[in-house]
Amino acid sequence: MRNRKILKRLKLALLIPIGIILVYFSSGNPAFVERVYSNGIYPPLGSMLSKAFGILPFSVAEFIVILVPAALIVNTVRSLISKRLIEYLINILAIISIVFFTFIGTWGLNYYRMPFADIAGLEVHPASVYELEDLCRDLIERANILRSSVSVDRSGNVDIPGSSRDILNNCYKGYEAISGIYPELGGSYGQPKPVLLSELMNYTGICGVYFPFTGEANVNIAIPESTLPSTASHEMAHQRGFSREDEANYISYLACSAHPDANYKYSGILLALAHSMNALRNADKDSFIKLAESYSEGVRHDLKSIKEFWARYEGPVERTTDRINDTYLKANNQKDGVRSYGRMVDLLIAEGKK
C-alpha cells in the first residue's frame with residue numbers, strides 16, 4: 001500500500017513536463033493565448049477566485065506565505081528523525097508539480113499573451129531624447145496642476161481621506177471608467193487587500209504582490225500615501241490578467257488617470273513621472289536637471305519624501321529580494337528582469353503620439 005502511494009505521487013511529477021510543454025507552445029502563439037486563455041478561460045476563473053477569497057477581510061495569501069515555510073521546516077525535521085527522507089522528498093516533488101501546474105493554469109499563461117500595446121493599438125518604437133523630454137514636460141505640467149487639488153496633512157504629505165482599506169476599496173472606480181475604452185480591463189474582481197505585516201514588507205522593497213492561487217491583490221499599506229492608489233491599481237492589473245510588470249505600471253497609470261478623484265489621478269501621474277524622469281536622467285542628465293527645476297513645491301516634496309522613505313529600508317534583505325524578483329521575472333518571459341519596469345516609458349510615449 002505504501003509503495004503504491006509513493007508511485008502515485010511520483011506520477012504527479014509528470015505535471016512538470018506537461019506544464020513546460022504548455023508554456024513552450026504558448027510562448028510561440030501569443031494570439032492563441034490571448035483569444036483562448038486570456039480572454040476566454042482566465043477572466044471567469046480569476047474573477048471567481050478573487051471573489052471567493054475576497055469574502056475574507058484578511059489576506060489568505062499572507063498567511064500561506066508565512067505558514068508554508070514553517071510547515072516545510074517542521075516536516076523536514078520530522079522526516080529526518082523518522083528516517084523517511086526519500087519518501088518526504090517524493091512528497092515535496094509531488095507538491096511542487098501540483099503548484100507549478102496550478103500556477104500555469106490559473107494565471108501563468110498570461111505572461112505569453114499579446115503585448116498590451118497591440119491590444120490598445122499603440123505603436124511602440126524607439127524614441128528620441130526630445131520625445132522623452134516632451135513626455136516629461138507634459139507629465140510635470142499635469143502633476144503640478146493635480147498636486148494643488150490633493151489632500152495634504154500638516155507636514156505637507158499627501159493624505160487621502162479615509163483609511164488605507166477605504167483607499168484600496170475605491171480603486172475600482174478607475175477601472176470602471178477605463179474599461180469603456182479598454183474592455184480587457186473590465187470585469188468584477190475582489191478588492192485589493194492590505195498586508196498586515198506591511199512594515200516588515202518595506203525591508204524587501206516590495207509594494208504589492210498578486211497571489212494567483214487566491215486571486216488576491218495584496219498591497220503594502222505602510223508606503224507613502226501618494227503611491228498607495230497606483231500600487232493597488234498595479235496589483236489590480238495583474239488581477240485582470242496582465243502579468244508583465246511594465247504593462248501593469250502603465251495600466252495602473254491609465255486606471256488612476258481615469259479615476260474621478262484627484263488624489264488617485266495624482267498618484268498615477270506621479271508613477272508615470274517618476275519612471276519617465278528616471279529614464280531621462282539616464283539618457284540626458286542636463287535635460288533632467290533642467291526639467292526637474294519646473295516641479296511645483298508639492299511635487300518636489302512628494303518625490304523627495306518617497307526617495308527618503310525607501311532609503312530607510314535599504315539593506316541586504318531588499319537586495320536579496322530584488323535578485324529573487326529579477327530571477328522570477330526572467331523565468332516568466334520577462335528577459336529584462338527588473339529592468340522591464342522601465343519599458344513603461346515607451347508606452348507613455350506611444351500614447352502621446354496617438
Side-chain angles (χ1 to χ4, degrees), residues 127 129-162 164 167 170-171 173-174 178 202 205 207-208 219-234 246 248-314 341-342 344-349 351-352:
V129 175
Y130 300 108
E131 289 174 310
L132 181 56
E133 284 181 22
D134 286 340
L135 170 65
C136 291
R137 191 174 292 109
D138 176 62
L139 290 172
I140 290 172
E141 183 179 344
R142 292 165 63 190
N144 288 345
I145 293 171
L146 281 168
R147 184 53 169 78
S148 63
S149 302
V150 302
S151 308
V152 295
D153 59 21
R154 292 180 180 179
S155 300
N157 299 314
V158 173
D159 185 20
I160 303 173
S164 297
I167 296 170
N170 281 316
C171 284
K173 295 177 182 178
I178 202 65
N202 285 337
C207 297
V219 182
N220 177 349
I221 57 171
I223 59 177
E225 206 149 288
S226 60
T227 64
L228 193 53
S230 59
T231 297
S233 297
H234 174 104
D246 48 2
N249 274 333
Y250 178 69
I251 291 168
S252 171
Y253 154 77
L254 288 178
C256 288
S257 297
H259 201 284
D261 191 316
N263 293 290
Y264 291 75
K265 291 178 185 291
Y266 178 66
S267 184
I269 288 292
L270 204 61
L271 173 68
L273 177 61
H275 281 271
S276 301
M277 286 294 280
N278 283 340
L280 182 60
R281 180 173 53 192
N282 294 331
D284 188 336
K285 194 169 183 178
D286 290 337
S287 296
F288 165 81
I289 293 172
K290 184 177 180 181
L291 280 179
E293 292 175 354
S294 61
Y295 290 154
S296 70
E297 185 178 342
V299 170
R300 183 174 288 105
H301 170 87
D302 294 337
L303 292 173
K304 182 182 177 183
S305 296
I306 293 168
K307 183 178 180 180
E308 291 175 347
F309 173 84
W310 287 113
R312 297 200 299 269
Y313 295 97
E314 288 180 354
Y341 287 79
M344 173 194 185
V345 178
D346 294 335
L347 288 164
L348 289 165
I349 292 173
E351 177 194 22

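Remember, predicted model here, so these are calculated numbers, not experimental data.
Residues Thr231 and Leu271 are not in side-chain contact: their nearest non-hydrogen atoms beyond the backbone lie 4.5 Å or more apart. With a 4.5 Å cut-off on side-chain heavy atoms, Ser305 and Pro224 do not count as touching. Residues Leu348 and Ser276 are in side-chain contact: their nearest non-hydrogen atoms beyond the backbone lie under 4.5 Å apart. The shortest distance between side-chain heavy atoms of Asp246 and Leu347 does not fall below 4.5 Å. The side-chain heavy atoms of Asn263 and Pro161, taken from C-beta on, include a pair separated by under 4.5 Å. Taking the side chain as every heavy atom from C-beta outward, Ile306 and Thr227 approach each other to under 4.5 Å.
Partners of Val152 by side chain to side chain contact (heavy atoms under 4.5 Å, CB included), not counting sequence neighbours, listed by chain and number: Arg147, Val150. Here Ser230 pairs with Ser267 under the side chain to side chain donor-acceptor pair (under 3.5 Å) rule; sequence neighbours left out. When the side chain to side chain contact (heavy atoms under 4.5 Å, CB included) test is applied to Lys304, the partners found at least two apart in sequence or on another chain are Glu308. In this structure, the side chain to side chain donor-acceptor pair (under 3.5 Å) partners of Tyr266, at least two apart in sequence or on a different chain, are Asp302. Take Ser151 and apply the side chain to side chain donor-acceptor pair (under 3.5 Å) test, not counting sequence neighbours, and it matches no residue. Under the side chain to side chain contact (heavy atoms under 4.5 Å, CB included) criterion, Ala222 pairs with Ser198, Glu199, Asn202, Asn220, not counting sequence neighbours. For Asp153, the side chain to side chain contact (heavy atoms under 4.5 Å, CB included) test picks out Ser155, Asn157, Asp159, with sequence neighbours left out. In this structure, Glu225 has no side chain to side chain donor-acceptor pair (under 3.5 Å) partners at least two apart in sequence or on a different chain.
A donor-acceptor contact shorter than 3.5 Å is absent between the side chain of His275 and the backbone of Tyr250. Under the 3.5 Å distance criterion, the side-chain polar atoms of Lys265 are left unmatched by any main-chain donor or acceptor of Cys256.
Here Ile178 contributes atom CD1 and Ser252 contributes atom OG; the two are 11.5 Å apart, rounded to the nearest 0.5 Å. Here the OH-CG distance, from Tyr264 to Leu228, works out to 8.0 Å after rounding to the nearest 0.5 Å. The structure places NZ of Lys173 at 12.5 Å from OG of Ser233, a figure rounded to the nearest 0.5 Å. Rounding to the nearest 0.5 Å gives a distance of 11.0 Å between CG of Leu254 and CG of Asn249.
Among residues at least two apart or in separate chains, there is no salt bridge (Lys or Arg N to Asp or Glu O under 4.0 Å) pair with a member in residues 278-300. Screening residues 277-303 for ring-ring contact (aromatic ring centres under 6.0 Å, His included) gives no qualifying pairs among residues at least two apart or on separate chains.
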N/O donor to acceptor pairs below 3.5 angstrom from side-chain atoms of residues 135-142, sequence neighbours left out:
from	atom 1	to	atom 2	distance (Å)
Arg137	NH1	Asp134	OD1	2.9
Arg142	NH1	Tyr253	OH	3.1
Arg142	NH2	Tyr253	OH	3.3

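Minimum interatomic distance between His259 and Gly174 (heavy atoms only, all atoms of both residues): CD2-N, 3.4 Å. Across every non-hydrogen atom of Asn144 and Ser296, the tightest pair is OD1-N, 2.8 Å.
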Please determine whether side chain to side chain contact (heavy atoms under 4.5 Å, CB included) holds for the pair Met277 and Leu303, giving the CA-CA distance in whole Å, both sets of side-chain angles, and the decisive distance to 0.1 Å. CA-CA 11 Å; Met277 286 294 280; Leu303 292 173; over 6 Å; no
